[in-house]
Number of protein chains: 2
Amino acid sequence: MAKIHEVARAAGVSISTVSYALSGKRPIAPETRRRIEEAARELDYQPNAGARMLAGRRTQIFALTEPFRADTHAPAHMAFVLATSIAARKYEYDILLLTEEEASAGMRRVASSGLADGVLVLDVAPDDERVALARRIALPCVFIGVPDDHEGLVCVDLDFEAAAALAVDRLADLGHRSIGLIGHPPASYVRSNFPPRVRRGLEGRAAELGVDCAVVLPEADGPRRTPVRAAVRELVEGGATALVLHCDDTSHAVALDELAALGRRVPDDVSVVSVGATFDTSAFHPPIDSVPLVPSASCELAVELAMRMVDGGDVPAAVHLIAPEYRAHGSTAPPPSASA
Amino acid sequence: MAKIHEVARAAGVSISTVSYALSGKRPIAPETRRRIEEAARELDYQPNAGARMLAGRRTQIFALTEPFRADTHAPAHMAFVLATSIAARKYEYDILLLTEEEASAGMRRVASSGLADGVLVLDVAPDDERVALARRIALPCVFIGVPDDHEGLVCVDLDFEAAAALAVDRLADLGHRSIGLIGHPPASYVRSNFPPRVRRGLEGRAAELGVDCAVVLPEADGPRRTPVRAAVRELVEGGATALVLHCDDTSHAVALDELAALGRRVPDDVSVVSVGATFDTSAFHPPIDSVPLVPSASCELAVELAMRMVDGGDVPAAVHLIAPEYRAHGSTAPPPSASA
DNA sequence: GTCCGTGATCGAAGCGCTTCGACCGCTCGA
DNA sequence: TCGAGCGGTCGAAGCGCTTCGATCACGGAC
C-alpha cells in the first residue's frame, strides 16, 4: 500500500521521475533508475489500480464472458478460462469474469464504466446474442469460436475443417478407403459452432479423396454410453477400417473399450484418430493419435489480438484460423486388407 | 461513456447532487432525484470504474482465487465459480479471476494495488499455501472450504460431518444396522479437505448408534469404473443394506447400474443416500436421496461475510458451517430383514 | 566565447468521482 | 418575533497516478 510519493521521497526524486522510471516511457539516468527500483522494491510498491485506470486510461483488465450454459462441457471450458487467464497475465492483464445473464448485461456495463480494456468472448453459440453487442460497444472484442454471423468481428479458432481433413489425409495415405466418424450428440450440432465444421471438413475431404465416410452422432446418456458402443459396432461392422473420434473423453474411452470387446486391435485391425480433443489422448489405452484443440493456442492468439487492438494497432475483422497439427501416438496403421 | 458532469448539466444540478442522488447517501428532493435519474438513464450514465475506486475507496471487485489443480473436479468447481459470481453481483460486485501460480502471487498483487476489496478462496487444500498469505495481507479473505490450520480465518462450508450423520440417522431410523460408504478415490483424502470429514461424520454417528459401517474408497480409473462396481459388490455381499455415496456423478451412476446388475432393487433391497453431491441426484434412475453440497449456499454466505468485512462490520474469525438438509427422492426404505 | 541541442528531471494539470463542510431558505418552538 | 435546526444543494478538496510542457546543466559546433 505504499504510494508513489513515498517511493519518490525514498529515492530522492520527484513523483514524475518515478513514474517514468517504472514505465520506461522516458529515458532516466541508470543510477537514478536503480535507486528508484530499489526503493520501489523495498516499499513493496504497486501502483494503485484505480488511480492508474483513471490517469492512464488503461485498466489492465480484460473481461471474459462465459455463459456457463447447462450443456457446457465443464472440463473443456475450464481449460479455456485458465488458458485465457494465463495468456493475459503475460501482458500484465487480469481477467474479470462475466457469467450467465451477465454475459450480455455485463458486457455493456463493463464497456460503459470503463472497467475493462477489452472483452474476450468464450463458449460461442452459432447464433450468439453477444455478437450484436460486440458490434455496438466501443471496446475491443475477440471471439474464441466462430458464430454464424461473424461479419465485422475478430474471431479466433482452430481450423476445425482443416483438422478433420488432416485426419482424413493421414488415414487415406495409409490406405484406408472407408472411415467412420463418431461425433458429439446431435444437440451439439445446433448449440455449438464447431461440431458441424468437423463434420464438414471430414466429409468434404473424404469426398475429394474418394474415401467412404459414415457419420454417427450417438445420443448422450448415462455412464454406460450404450449409444457410443452401438456406434462403434455399427461402423466397424459396416466395414470402416478407421474411426475418427470427435466427442468427449468418456466416449473416447468407451469407444476403445468397445473395440477391445469386439476383439479388434488398434491399430492392426482398426485405426483411430481423435479430432478436436482438449484432453490428453496419449493417456488412453492404447494412446490415440490426435489433431487436438489446444486451448492455450486459441487463447494466446486471442489475447495477442486483443492487446493489439487496445494498443491501437489495427486488427483485421476476420476469422483467424489456427492451423491444426497432427500428433501421432501409434493408433494408426494401414488397414488389414492392404497388408494382407 | 457519459460523465457525471453531463448528467449534472442535463438535470440542472451540481455534480455533487448527482452523486448523492445516485448513491442515496444524502437526502435529495424527490423531484430533483427524478430529474437526475432520468438524465442518467437517457445518457446511459455509468460511473467510471477507475474514478470510483480512487475517490470512493471501493473497487466493487472481489478476487476469486481458484488454483485449477489438475485433479480439480471441473463441473463442481465451475458450479462454485458461477455461484460466487452470481452471489457477488447481488451486491454489485464483480469477480476478478486469480488462477494457478497466480493464486498466491495474485493475491499479493491484488492486495497491494487495491484492485479488489476482498478475496474469496476456492478449492481449499488441507495445507493450503493461501492460508499464510491470507493472514498477511490487509484485505478481507473468506475461505470456501476449511484448511487444516484455520486459526484466525473466516471459513464457510457445508457441515460435512453433520451431513454424513444426517444420512446415517435417516438410515438408522428406518432400521438399517449395516451401512456401507463408497467414497472418493484415496488420493482425495489427502488433497481435499472434505472427504475425511464425511468419513468421520459417518463413522462417528454410526458408532454412536451402534450401526455397522464399512468404508470403501475405490481408485479412480477409466469409464468402466471397475473399482466402483467391485465396491458395490463387496459392500452388498458383506451384508450392507444401505449405501452412502460420496463420490462423483459417474460413480453414482455406475453404482446404481451395478446394483441393478446384481438384481438388487432400490430401495426395496438396498437403500441409497448421496452425501455432498453438487449434481442433481434426482435425475438418476432411480432418483437418489441426497444430503447435497449446495454451491450457492456456501458462496452466498461467503460473499455476505466478505461484504460485512468490507463494510467494516466485524465478522468472527471462525468456521461458519452450513447446516445440511435431507432431500428425499424415494431411494430409502426399511431394510428387507425388517419388513420380512 | 556563445549558442543550441540533448538528456535528465521536475511541477502541475488533469483523469472522474466521492465526500466534507458550508450555505440558504424555511419551519417550528419558545 | 427571533433563532435554532433541518432538508436540500453546492463548491471544492482531494483520491494516486500519468503525462505534457518547462527547466536545467552540460557539451559540442561554429
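Order of the sequence lines fixes the chain letters, A, B, ..., with proteins taken first and strands second; residue numbering starts at 1 for each chain.
For the pair B:K3 and C:dC17, the criterion of a side-chain N or O lying under 4.0 Å from OP1 or OP2 is not met. Residue B:R52 places at least one side-chain N or O under 4.0 Å from the OP1 or OP2 atom of C:dT18. Between A:K25 and D:dT19, a side-chain N or O to OP1/OP2 separation shorter than 4.0 Å is present.
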Check against side-chain contact (heavy atoms from CB on, under 4.5 Å), A:L139 and A:V110
CA-CA 9 Å; A:L139 216 53; A:V110 157; 4.3 Å; yes
So A:T59 and A:L115, side-chain contact (heavy atoms from CB on, under 4.5 Å) or not? Walk me through it.
CA-CA 6 Å; A:T59 64; A:L115 221 192; 5.8 Å; no
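Between the side chain of B:N48 and the backbone N or O of A:G114 there is no donor-acceptor pair closer than 3.5 Å.
When the C1' atom of C:dT9 is taken as reference, atom CZ of A:R9 falls 19 Å away, rounded to whole Å. Between the CG atom of A:L22 and the P atom of D:dC17 there is a distance of 10 Å, rounded to whole Å. In this structure, A:L115 atom CG and C:dG16 atom P are separated by 15 Å, rounded to whole Å. Atom P of nucleotide C:dG16 and atom CG of A:N48 are separated by 17 Å, given to the nearest angstrom. Taking atom CD1 of A:I4 as the reference point, atom C1' of C:dG11 lies 14 Å away to the nearest angstrom. Rounded to an integer number of Å, the gap from B:E6 CD to C:dC17 C1' is 14 Å. With rounding to whole Å, A:L54 atom CG is found 12 Å from D:dG16 atom P. Rounded to whole angstrom, the span from the CE atom of A:M1 across to the P atom of D:dC15 amounts to 14 Å.
Considering CG of B:D157 and NE2 of B:H320, their distance stands at 12.0 Å, rounded to 0.5 Å. Here CG of B:D94 is found 9.5 Å from OG1 of A:T99. Values are rounded to the nearest 0.5 Å.
Summarising the local packing, CD of B:E151 is surrounded by 12 or fewer heavy atoms from other residues, nucleotides or ligands at distances under 6.0 Å.
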Determine, for nucleotides 6-14 of chain D in 5'-to-3' order, which nucleotides have protein heavy atoms under 4.0 Å from the base (write B), from only the sugar-phosphate (write S), or from neither (write -).
--SBBBB-B
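Overall, the helix from C:dG1-D:dC30 to C:dA30-D:dT1 carries an axis bend of 60° between its ends, with five pairs at each end and the value rounded to 10°.
A salt bridge is absent between B:E37 and B:R34: the closest approach of a Lys/Arg side-chain nitrogen to an acidic carboxylate oxygen does not fall below 4.0 angstrom. With respect to B:R308 and B:D314, no salt bridge is recorded, no charged nitrogen being found less than 4.0 Å from a carboxylate O. A:D311 and A:R58 are joined by a salt bridge, as a carboxylate oxygen and a charged side-chain nitrogen come within less than 4.0 angstrom of each other.
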